[in-house]
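Data first, discussion second: the structure below is written as structure tokens.
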Amino acid sequence: MRHLLPVALLFFSFHAKAIYNYKNYPWTQTGDKLVAYASVHKDKLLKNAEAIYPRYEQYVPYIREIAAKYKAPLEIAALAAIESGFNPTARSPAGAVGMWQFMKPTARDYGLQINPAVDERLDWKKSTEAAVQYIQWLAETRYGNDYETAIMAYNYGVGNMDKVIRRAKTPNAWMLIHANLVPLETEEHLLKFLIYVQIFKYLDLHGVQQ
């Protein structure tokens with residue numbers, strides 16, 4: 001199957017413009033940075049996507065349901081692949097917890113209870129609703145409907161992203177990347193997300209070949 005997933009799957013120019021629609025958001029599907037990253041990493045990412053696909057199938061219908069509820073792009077479900085591999089009990093050394101790897105302050109801001117008796121970051125349904133609301137707020141309130149910038153801010157932090165946006169005088173994700181204003185880790189966070197979006201679309205059509 002790997003031979004059936006060439007970089008040619010990434011076929012839209014990042015310069016293309018589209019009217020915002022949560023069911024058809026214009027995610028970047030080509031461009032020098034994305035094609036270069038995909039050419040190096042796509043096999044590793046595909047292997048990982050195949051490994052976590054059973055969890056993807058289990059959790060993504062509900063994630064998409066919540067995304068539709070808040071009129072957010074359905075593809076944001078792919079972010080959980082990067083954050084935790086769709087593992088609702090994931091924990092990071094930095095203290096992020098759950099499928100969406102929430103830190104305590106953001107989790108509490110979005111209504112999740114965290115105390116000695118309960119940590120609702122581990123409740124995948126509640127944390128999914130919180131994550132979708134958070135990403136939607138980042139994109140639509142903070143960053144001019146740019147969900148790609150929101151994906152980077154999810155990794156880099158709102159304060160850090162706001163600083164680079166003020167410096168660049170634009171919230172456009174690709175302008176920030178091409179101006180080298182975000183760390184490589186944050187840039188690659190978006191690149192991985194965009195490739196996972198395409199891989200999961202492919203697996204939804206063709207499944208995992210044994």
Quiz prompt | Pair Arg142-Thr149, side chain to side chain contact (heavy atoms under 4.5 Å, CB included): steps then yes or no | solution = CA-CA 10 Å; Arg142 203 92 178 186; Thr149 300; over 6 Å; no
Practice problem: Evaluate side chain to side chain contact (heavy atoms under 4.5 Å, CB included) for Lys33 paired with Glu187, printing each intermediate quantity in order. | Solution: CA-CA 9 Å; Lys33 294 269 190 178; Glu187 174 185 324; 3.4 Å; yes
Self-check item: Working for side chain to side chain donor-acceptor pair (under 3.5 Å), residues Trp27 and Gln198
Solution: CA-CA 10 Å; Trp27 298 106; Gln198 294 304 315; over 6 Å; no
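A distance of 4.5 Å separates CD1 of Ile135 from CD1 of Ile76, quoted to the nearest 0.5 Å. Note: Glu148 CD to His189 NE2 = 12.5 Å, rounded to the nearest 0.5 Å. Of the inter-residue distances, the one linking Gln136 atom CD with Thr141 atom OG1 reads 7.0 Å to the nearest 0.5 angstrom. Between Ile151 atom CD1 and Phe193 atom CZ the span is 4.0 Å, to the nearest 0.5 Å. Here the straight-line distance linking atom CZ of Arg167 with atom NZ of Lys169 works out to 10.5 Å at 0.5 Å rounding. Considering CD1 of Ile52 and NZ of Lys47, their distance stands at 13.5 Å, rounded to 0.5 Å.
Using modelled atom types and a 3.5 Å distance limit, the side chains of Thr28 and Trp174 yield a donor-acceptor pair. Side chains of Glu140 and Tyr147: a donor on one and an acceptor on the other come within 3.5 Å. Side-chain atoms of Tyr53 and Asp204 include a donor-acceptor pair closer than 3.5 Å. Side-chain contact, Tyr154 with Glu83: no donor N or O sits under 3.5 Å from an acceptor N or O. Between Tyr59 and Asn87, the side chains place no donor N or O within less than 3.5 Å of an acceptor N or O (distance only, hydrogens not considered).
Note on Ile114 and Phe102: separate hydrophobic clusters, where clusters join Ile, Leu, Val, Met, Phe, Trp and Tyr whose side-chain heavy atoms are under 4.5 Å apart, directly or indirectly. In the hydrophobic cluster analysis, where Ile, Leu, Val, Met, Phe, Trp and Tyr join through side-chain heavy atoms closer than 4.5 angstrom, Val97 is grouped apart from Trp100. If you chain together hydrophobic residues whose side chains sit under 4.5 Å apart, Ile165 and Leu181 fall into the same group. When hydrophobic clusters are built by joining Ile, Leu, Val, Met, Phe, Trp and Tyr residues whose side-chain heavy atoms come closer than 4.5 Å, directly or via intermediates, Leu194 is not grouped with Met175.
Salt-bridge check for Glu75 with Arg64: failed, with every basic side-chain N at 4.0 Å or more from each acidic carboxylate O. Under the 4.0 Å criterion applied to side-chain N and carboxylate O atoms, Lys125 and Asp123 are not assigned as salt-bridge partners.
Side-chain contact check for Val132 versus Trp137: every heavy-atom pair is 4.5 Å or farther apart. A 4.5 Å side-chain heavy-atom check between Tyr56 and Leu203 finds every atom pair outside the cut-off. Counting heavy atoms from C-beta outward, Ile66 and Gln133 have side chains that stay 4.5 Å or more apart. Between Ile195 and Leu46 there is no side-chain heavy-atom pair separated by less than 4.5 Å. Residues Tyr70 and Glu129 meet the side-chain proximity criterion, which asks for heavy atoms closer than 4.5 Å. Between Leu190 and Tyr156 there is no side-chain heavy-atom pair separated by less than 4.5 Å. Residues Met152 and Met161 are in side-chain contact: their nearest non-hydrogen atoms beyond the backbone lie under 4.5 Å apart. Here the side chains of Thr89 and Met99 are not in contact, with every heavy-atom distance at 4.5 Å or above.
Annotation: cation-pi geometry not satisfied between Lys192 and Tyr37 (NZ/CZ under 6.0 angstrom from ring centroid, within 45° of ring axis).
Here the side chain of Glu120 pairs a donor or acceptor atom with the backbone of Gln113 at under 3.5 angstrom. With hydrogens and angles disregarded, a donor-acceptor distance shorter than 3.5 Å links the side chain of Gln101 to the backbone of Ala90. In this structure a side-chain-to-backbone donor-acceptor pair under 3.5 Å is present from Ser39 to Ala36. Arg121 places no side-chain N or O within donor-acceptor distance of the main-chain N or O of Gly98, the cut-off being under 3.5 Å. At distances below 3.5 Å, at least one donor-acceptor pair connects side-chain atoms of Ser127 with backbone N or O atoms of Trp124.
Taking the six-membered ring for Trp and the full ring otherwise, the centers of Tyr134 and Tyr110 sit less than 6.0 Å from each other.
Contact record, Asp146 with Ala173: OD2-N, 3.2 Å, taken as the closest heavy-atom pair. In plain terms, the two heavy atoms of Ala78 and Tyr196 that are nearest each other are CB-CB, 4.2 Å. The nearest pair of heavy atoms linking Pro88 to Leu122 is O-CD2, 3.7 Å. In plain terms, the two heavy atoms of Ala67 and Pro73 that are nearest each other are CB-O, 3.9 Å. Asn172 approaches Thr170 most closely through the heavy-atom pair N-OG1, 3.1 Å. Closest of all the heavy-atom pairs between His178 and Asp32 is CE1-OD1, 3.2 Å.
The salt bridge (charged side-chain N to carboxylate O under 4.0 Å, His left out) pairs that include a residue from residues 91-113 number zero, where partners must be two or more places apart or lie in different chains.
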